[in-house]
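Working notes for the structure below.
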Protein chains: 2
Amino acid sequence: MKFEAVTIKDIAKALGLSTSTVSRALRDSYEISPETKKLVLEYAEKINYHPNPIALSLKERRSRSIGVIVCEIANSYFSQIINGIESIAYNNGYNVIISQSRESADREMLNLQYLTSRSVDGLIISVSTETKDFSYLKELHDRGMPIVFFDRIVDEIETHKVIVDNYKGAYDATTHLINSGYKKIATVSNAPALSIAKERLAGYKAALTDHGMEVDESLIKYCAHGGMILTEVEEAIKELLKPKNKPDAIFASADKLTTGCLRILRSKGYTVPGDFGLVGFSNTDLTELLDPPLSVIRQPAFEMGEVATNLLLQMIESKRPVTDFETKVLTTELLIRESTRKKEAKAKPIPSLLK
Amino acid sequence: MKFEAVTIKDIAKALGLSTSTVSRALRDSYEISPETKKLVLEYAEKINYHPNPIALSLKERRSRSIGVIVCEIANSYFSQIINGIESIAYNNGYNVIISQSRESADREMLNLQYLTSRSVDGLIISVSTETKDFSYLKELHDRGMPIVFFDRIVDEIETHKVIVDNYKGAYDATTHLINSGYKKIATVSNAPALSIAKERLAGYKAALTDHGMEVDESLIKYCAHGGMILTEVEEAIKELLKPKNKPDAIFASADKLTTGCLRILRSKGYTVPGDFGLVGFSNTDLTELLDPPLSVIRQPAFEMGEVATNLLLQMIESKRPVTDFETKVLTTELLIRESTRKKEAKAKPIPSLLK
DNA sequence: TTGTATGCGTTATCAG
DNA sequence: CTGATAACGCATACAA
């Protein structure tokens, strides 16, 4: 009682034709008579024929599917990107296979092996925070697998990359905190090896110095797992809140870090934003549910997925190797959400709280 | 410069053996000498051989992959379920292909066709709120495709189903609102055709009558798109807040409805929960970020994915047709999060607000 | 215009 | 123990 599909053979037998004639008729070949074509097409329609994509893959040595690896689909930033990827992929007849690394280098490797063994035609990937060894990816790339990196890119591999303007985003976020009256701004960052972390840190530092504030290394904390583990954020905050050098605001450089900071600060009794400033790279839709809502750096996620996919399909479908790789930089946007409260914050000097 | 994989042929040629010998050696057949086996295995390892799953699929007429259709992967409830599905699937050597219907019957149909044409061995699906015509699914099922429904099930199709105890969840949520002192409890529900909507509505009504409150049909609002479109929630709330019969609390019967109600109520100046009660079926992790946080009905999502997948794999791998279908009911849990505020709410009578 | 034969990578069947 | 061959579904070069 297995699910049996209709094949080209069934049509050929039923119509007294050869399989090749049927195949050609279905592909609308010029060498088939209109009558035969009509006959075949109508019968195919009637019995609901669909070509077996597995056989096609085997024949054409391509699967018309692309692999996507992200750390976490539950993250709305990534799911928006996936939506962008899917929209372009589907329009071009490609399937999308999604897999999650959950910020683990091991799982990333497994997924990678799985996808390549499934013969995906190309790969769109945002590497996990934990990954330090890119040799497998490099080998894949050297062997001709089209790859596009996005968000968390790998500098060592020469291929297309799509990122947002991390420097500008961090700069804007920090400036917003400064303009809101906060005086001592810390940052909670991703693993320092990540390119995005570096750039965001640079933007943060630049904003401080441009506004005549000094960069204090003790106010810079790293979370190796990007906030996936809440305790690492807790640890970072705990250190920041030590009496000797307390900040009154934080720039959080990633989604999970922003929500992590928020949770911990609120659990400690702070009103955020208000007593304590917080702006971050967070696309979690729900930050707007907060009362007062949180300002965030919005990343053009959907568009990012689209751009990455267009580049990948271009690589896949070009006959000769692509050489002119480029790094597309999309622009972030500061979404100011706590406008009414911000004015208050500006009006009254921020009290030195953190008792 | 395409990505070329190593095949059994390459090994055969390199070792001066036939492809069948190599194939048998790799599968550890008893009829191959230990020396040959060792030779083949070592060489395969060395050149990093992996069987081509596409060729295997063609041969075995199965793809070792299962299709999953949900309305939205960004919804953390569904992404948790997907994690549960993946964990079981991967452990059994199955791949998972995820697709989103985005609450559109059209997209659901397209995904369904796509997945079946990709020869998935089985399907795990939560139908979209919009779907009213289940004939395609029914046909698929009749033709032998193993299907497991979860969350939003289709009563007409005889197969395994996995749901949570919607009745109990709704009953608990409503009771919680009653115990918190709210006097007039409305509900914002999914499309009434959905089985989950019916059951949750029944739980809501039962809780009211069990506590000596009367069911007022004008306090029951439906959102056809399950809150995907914010305006429909807005419309529902607007009607509820009409002067003549205002409620002071809402039981929201789905994730997007809960967050939708929250957003709209807060934008209208209500403190929620507090002035206005709100409990819903919401697994959005971030509801705990709210201040005060929101009590929610937690659904055992991960476990649900596991159970569904186990049932599906059992169907796929059983040689004869499965007949003893069952509907597994998992238990929900009321997560009380606004405990401190709840006491206040209990202590002081809820003022008749809604001015 | 249509049919026949071949190959994509693998395994099963049959023959040595 | 090992090798040759057919088959899975399809497209296509080559024949007719």
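Here is the naming used below: chain letters follow the sequence lines, and residue numbers restart at 1 for every chain.
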Could you tell me which residues satisfy salt bridge (charged side-chain N to carboxylate O under 4.0 Å, His left out) with [X], sequence neighbours excluded, listed by chain and number?
X         : value
Glu303(B) : none
Asp28(A)  : Lys37(A)
Glu35(A)  : none
Arg24(B)  : Glu31(B)

Checklist entry - First and last nucleotide of DNA chain C touching chain B, 5' to 3', heavy-atom cut-off 4.0 Å? => result dC8(C) to dC14(C)
Checklist outcome for this item: So salt bridge (Lys or Arg N to Asp or Glu O under 4.0 Å) across residues 72-99 of chain B, not counting sequence neighbours, yields Glu72(B)-Arg102(B)
Checklist outcome for this item: Axis-to-axis angle across the helix from dT1(C)-dA16(D) to dG16(C)-dC1(D), five pairs each end, nearest 10 degrees, ~ 60°
Checklist entry - Would you say Ile163(B) and Leu330(B) make side-chain contact, with heavy atoms under 4.5 Å? => result no
Checklist entry - If we only count heavy atoms from C-beta on, is the Phe78(B) to Asp151(B) side-chain gap below 4.5 Å? => result yes
Item to check | Salt-bridge contact Lys138(A)-Glu158(A) (side-chain N to carboxylate O under 4.0 Å) | outcome: no
Item to check | Candidate list Leu115(A), Thr159(A), Val148(A), test side chain to side chain contact (heavy atoms under 4.5 Å, CB included), partner Leu123(A), passing option | outcome: Leu115(A)
Item to check | For Phe325(B), ring-ring contact (aromatic ring centres under 6.0 Å, His included) partners two or more places apart | outcome: His160(B)
Checklist outcome for this item: Contacts of Phe302(A) meeting ring-ring contact (aromatic ring centres under 6.0 Å, His included) (sequence neighbours excluded), chain-then-number -> none
Item to check | side-chain hydrogen bond (donor to acceptor under 3.5 Å, both in side chains) pairs, two or more places apart, involving residues 43-52 of chain B | outcome: Asn48(B)-His50(B)
Next on the checklist: Quick check on contacts: within residues 35-43 of chain B, what sits under 4.0 Å from DNA chain C by heavy-atom distance?
Outcome noted: none
Checklist entry - Does Glu31(A) or Ser33(B) map to a spot on DNA chain D nearer the 5' end, using the closest nucleotide for each? => result Ser33(B)
Checklist outcome for this item: Heavy-atom contacts, protein to nucleotides 6-13 of chain D, under 4.0 Å, summarised as B (base), S (sugar-phosphate only) or - (none) per nt, yield -BBBBBBB
